[in-house]
Protein chains: 2
Amino acid sequence: MTRDEILDAAAQIFRQKGYHATSMQDIANAVKLQKASLYYHVNSKQEILLMILDRALDILIARMQEVMAMPLSPEEKLRRAMIAYFQIMLEQRDLASVLLLEYRSLEPEFRQRHIPRRDHYEHLWRELLNEGKNQRIFHVSDIALAARFLLGVMNWTITWYREDGRLSPEELAKECANLFVLGLKVRENGDQRKN
Amino acid sequence: MTRDEILDAAAQIFRQKGYHATSMQDIANAVKLQKASLYYHVNSKQEILLMILDRALDILIARMQEVMAMPLSPEEKLRRAMIAYFQIMLEQRDLASVLLLEYRSLEPEFRQRHIPRRDHYEHLWRELLNEGKNQRIFHVSDIALAARFLLGVMNWTITWYREDGRLSPEELAKECANLFVLGLKVRENGDQRKN
DNA sequence: CTTAAACTACCGACCGTTCGGTAGAGTTGA
DNA sequence: TCAACTCTACCGAACGGTCGGTAGTTTAAG
């Protein structure tokens, strides 16, 4: 039994039941250990949560940095970043869900340790929007706000997206990107989209 | 002591700590009653949660129906609906937070009772988008998906919006609506926005 | 012989809920 | 008018159960 196996199992149950509704007994059952044995591998339930959150953000940050380093236009980078985000959301469903929905369950001292990673990730998205603004490709009046709206749409999808649904992460990202990049309103001079 | 006072207090604590991290003792303390006395007014903790969720959605539905009944263009209706939404989010902060963040804590039987209201509300937004599409004002390839994205951005703001922040609900709604209606990309033929 | 990794057994605290009881206000009948 | 009764709103105590966590012991591999 490794620490990572415990984290994976915990993430799965946290996602299903939520942090507070999950007991250490639940986690122990999932990895076929006695509850007490968990404490050989981890220090506390809060630590488990923190490690899950950190791990999830590390994955998101790594993928985002890859995209940012590509020699692409800001618009294309945005589309790729969104695809990457939705892919991670599907492939690392448990981690992503816990990151987005159980952040509130982190007690203050643990939250303090987690915040820098959060800020780093949000900063990457602001950077992306800023590139687009500087190159006169994006119209953004408030970068920080736009980044939050952008992350908001994507974050909320975790609450309703089903992996057995009809939409793949790519299709989801495409629809979302179209909406954000082109807007709802029809563009008079030849709308390049088709239904 | 009335049932409503208990619901208000519960909503406030649920928002701060989350449903599962809130004990009946916490709620009792807030309304200066003994824990046992709560059970004279309500049947269970789950019932408290359900009543809060229902009440929150009733407010949202009522305001949305008002906006839908106005003789306005779809674009203007969308903007008004967004303003209304953010206003409720600020004025009924506790109710709205619990509605968005604690829905998951409803046990299946209680959830069943709550779902119709949810569907009704989401349907109103789809109706709004559909009006715009039929009048060739909005370009929407997938109404249901667009409605979810739309609700997603707004719902997520509850996680970061502070009432002491620099943005009023109206300003927030304006920025959000601009982003959604006009999109990020600059429009060649005279962008009507200004920074 | 050591040590990592698991176990059994247990702790005090707290959980949501129920119970029996009661103070006091309101209602009723003589 | 006043005793008898009922109802509302609340209380203290306790219930069975679960919680996160700890102490001490056994097992298995090197």
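A quick note: this is a predicted structure, and the numbers were derived from the prediction, not measured.
Residue Q25(B) contributes atom CD, which lies 18 Å from atom P of dC15(D) at whole-angstrom precision. Between K32(B) atom NZ and dC11(D) atom P there is a gap of 12 Å when expressed in whole angstrom units. Regarding M24(A), its CE atom lies at a distance of 14 Å from the P atom of dC7(C), rounded to whole Å. If you measure from atom CZ of R3(A) to atom C1' of dA6(C), you get 17 Å, rounded to the nearest angstrom. A straight line from OH of Y39(A) to C1' of dC7(C) spans 16 Å, rounded to a whole angstrom. For the pair I27(B) CD1 and dC15(C) P, the computed distance is 11 Å after rounding to whole Å. H20(B) places its NE2 atom 15 Å from the P atom of dT18(D), with the value rounded to the nearest Å. Atom CZ in F14(B) sits about 9 Å away from atom P in dG16(C), given to the nearest Å.
Less than 4.0 Å separates DNA chain C from no heavy atom of any residue of residues 101-110 of chain A.
An OP1 or OP2 oxygen of dT8(C) is reached within less than 4.0 angstrom by a side-chain nitrogen or oxygen of Q34(A). Taking only side-chain nitrogens and oxygens, S37(A) comes nearer than 4.0 Å to OP1 or OP2 of dC7(C). The side chain of H41(B) contributes no N or O atom lying less than 4.0 Å from OP1 or OP2 of dT8(D). OP1 or OP2 of dC10(D) has not a single side-chain nitrogen or oxygen of Y40(B) nearer than 4.0 Å.
Cation-pi contact between K45(A) and Y19(A): present, with separation from the ring centre below 6.0 Å and deviation from the ring axis of at most 45°. Relative to the ring axis of Y103(A), R111(A) places its NZ or CZ within 45° and under 6.0 Å from the centre.
Of the candidate nucleotides dC15(C), dT17(C), dA6(C), dC15(C) has the atom lying nearest to any side-chain atom of S23(B).
Side-chain polar atoms of S73(A) and E76(A) form no donor-acceptor pair below 3.5 angstrom. Residues Q87(B) and Q92(B) have side chains that never bring a donor and an acceptor to within less than 3.5 angstrom of each other. Defined by atom type and a distance below 3.5 Å, a donor-acceptor pair is missing between the side-chain atoms of S97(B) and D94(B).
A 4.5 Å side-chain heavy-atom check between F110(A) and L49(A) finds every atom pair outside the cut-off.
Between F86(A) and F149(B), the ring planes are tilted. Angles from 30° to 60° get that label.
At a threshold of 4.0 angstrom between heavy atoms, the contacts of T22(A) are confined to the sugar-phosphate backbone, with no base atom among them.
Judged by atom type and distance alone, K35(B) reaches the base of dG16(C) through a side-chain donor-acceptor pair under 3.5 Å.
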